[in-house]
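Heads up: the structure comes next, in structure tokens.
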Amino acid sequence: MFVQENNDSGNSLSHSVIWKECLKQIKENVTLMTYNTWFLPIKPLELKNSTLKIQLPSNFFWEWIDEHYNTLINRIIKDILGSGAKLEFVIKDDPELDFKSKPEDPPRKNNTAPAKAKPEFESCLNPRYTFDNFIKGEGNQLARAAAGAIADNPGGTSFNPLFVYGGVGLGKTHLVQAIGNKIIKGFPEKRIIYLSSDQFTVEFVEAIQSNKINEFSGFYRSMDVLIIDDIQFLTGKEKTQDLFFHIFNTLHQSRKQIILSSDKPPKDLKGLDERLISRFQWGLAADIQPPDLETRIAILKRKADDYGMTISSVILEYIATNITSNIRELEGCLIKLLANASLNSKEISLDLAKRTVKEIATDRKVNITIENITKAVCNYLNIDENKLRDKTRKKEVVLARQLAMFLSKELTKSSLKSIGLNFGGRDHSTVIHACSAIEQNMLLDNSLKDLVDALRTKIEISST
Ligand code: ADP
Ligand code: MG
């Protein structure tokens, strides 16, 4: 036990020493994740008459700690300072929200004591994605402007949530991460996390299995900025949606910034809880359209500069005219052009550009294989891949098999014969039948069409 002097307020070190000792004991009593999430961000402010004043990052922290760890930390502080010891909580930057007892001094503001503390978790942002290297164009104007406003004032604009949607390879991931990267620079104390909705689901399932749902949900509720990419993959996952709904509400109520991306607008997310769809429309839903010719040229110019290539504008224009739908492909084309030129020690000529563009068009289909497609379909529908190759006629297996055949025909260059062979040596007429069954049913059943769209996106994303 520490011996506590009556008048220890003059000793500026003592509060941090005592808190360090508390932390040591807390660490022995909670999991590392709990410790990192809830206790490391706490700052000791002052020790006066056996009362240790500590500062919590947000109201939510206080509620969480009060509900889950009050007994523990009270026991520990009494162990250290004696039975008369007390804890006093203040909430950072919010004098209205002092708890337990009134502090004599207002809580310290962030600007007087800058929080230099590094966040104790990975934000998972890729520093490559910045606003600086994000080219503005008509197709992304609104989304780009809203993203910039949020980065300057996270949680403080009416764009909450920001919902960015658009096709594959148009810059959604780039833009939402650029927001995160700028916030890290401007507001180093903020807790930011980026992840895809798939990762979110995987972590959720793990949390269920290890009985850690409270910790899982608490971790995300403790964020200042939550960025979830490709939210469309939450469709059909009811339990995950339900938990996400509660996290969303907590964050939104305490004006934390939520940023989401999707391949389609909120109202088209079939299989997603209505409550979520309506919340996604509370802030701003901004689309990203494929770039126009000028923007494509600007993007190519910028990328060429970044790679240290000098390419004539005739060539850039040729590429931009011929690769139109997807920025990832524009990038891919430049890299390939560079590779072709250096491999064959050739100048980058219009002729070489023409050949490269042609190769890209062929590659588009080569990257996607029947195997990828089968995997994606089975994953999505939760079906054992082997079942697609054996004789099972169970309804859900037949559907999965037909979907995989249909997508193989659409997305690969494989012949009907080789598609059939890949599914347990079936005949090419079976493939034709499968394709027309899916085509016809899509006309009658919108949910099947949505399923095909979701699968197509998933396959395209995983193959690029
Ligand atoms: P999405 O998430 O919409 O599928 P990404 O954000 O992954 O697309 O973008 C694909 C590639 O194109 C990335 O390498 C990204 O940096 C680049 N890109 C997309 N939009 C732009 C833009 N406006 N300016 C510069 N590069 C871009
Ligand atoms: Mg993306």
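Read the numbers this way: they start at 1 and go in the same order the structure lists the ligands and their atoms. Just so it is clear, the values below take in all heavy atoms, side chains as well, and ignore hydrogens, waters and symmetry mates.
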Side chain, backbone, both or neither: [X] near ligand 1, heavy atoms under 4.0 Å:
{"X": "Asn133", "answer": "backbone"}
{"X": "Arg302", "answer": "neither"}
{"X": "Glu331", "answer": "side chain"}

Out of curiosity, is [X] lining ligand 1, as in a heavy atom under 4.0 Å away?
{"X": "Arg144", "answer": "no"}
{"X": "Gln177", "answer": "no"}
{"X": "Gly167", "answer": "yes"}

Passing option when Glu331 is tested against Lys303, Lys336, Arg302 for salt bridge (Lys or Arg N to Asp or Glu O under 4.0 Å) =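 Testing each of Lys303, Lys336, Arg302 against Glu331, the sole residue satisfying salt bridge (Lys or Arg N to Asp or Glu O under 4.0 Å) is Lys303.
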
State the atoms of ligand 1, each with its element, that fall below the 4.0 Å cut-off from a heavy-atom position in [X].
{"X": "Val168", "value": "4 (O)"}
{"X": "Asn140", "value": "23 (N)"}
{"X": "Lys303", "value": "16 (O), 17 (C), 25 (C), 26 (N), 27 (C)"}

Below 3.5 angstrom, do we get any N/O pair linking [X] and ligand 1?
{"X": "Phe134", "result": "no"}
{"X": "Gly169", "result": "yes"}
{"X": "Leu170", "result": "yes"}
{"X": "Tyr129", "result": "no"}
{"X": "Ile135", "result": "yes"}

Among Lys256, Lys190, Arg191, find the residue that satisfies the side-chain hydrogen bond (donor to acceptor under 3.5 Å, both in side chains) test when tested with Asp224.
->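 For Asp224, the side-chain hydrogen bond (donor to acceptor under 3.5 Å, both in side chains) test succeeds with only one of Lys256, Lys190, Arg191, which is Lys256.
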
Quick check: [Y] with [X] (ring centres under 6.0 Å apart)?
{"X": "Tyr220", "Y": "Phe200", "value": "yes"}
{"X": "Tyr69", "Y": "Phe39", "value": "yes"}
{"X": "Phe280", "Y": "Tyr165", "value": "no"}

Does Asp445 pair with Lys449 as a salt bridge, N-O distance under 4.0 Å?
->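 No, no charged N to carboxylate O under 4.0 Å.
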
Is there a donor-acceptor contact under 3.5 Å linking the side chains of [X] and [Y]?
{"X": "Asn422", "Y": "Arg389", "value": "no"}
{"X": "Asp427", "Y": "Ser429", "value": "yes"}
{"X": "Gln177", "Y": "Asn126", "value": "no"}

May I ask you to check whether Ser196 brings an N, O or S atom to under 2.8 Å from the Mg ion (ligand 2)?
->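 It does not; every qualifying atom lies at 2.8 Å or beyond.
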
Between the side chain of Thr157 and the main-chain N/O of Asn153, is any donor-acceptor distance below 3.5 Å?
->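 No, Thr157 side chain to Asn153 backbone: no donor-acceptor pair under 3.5 Å.
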
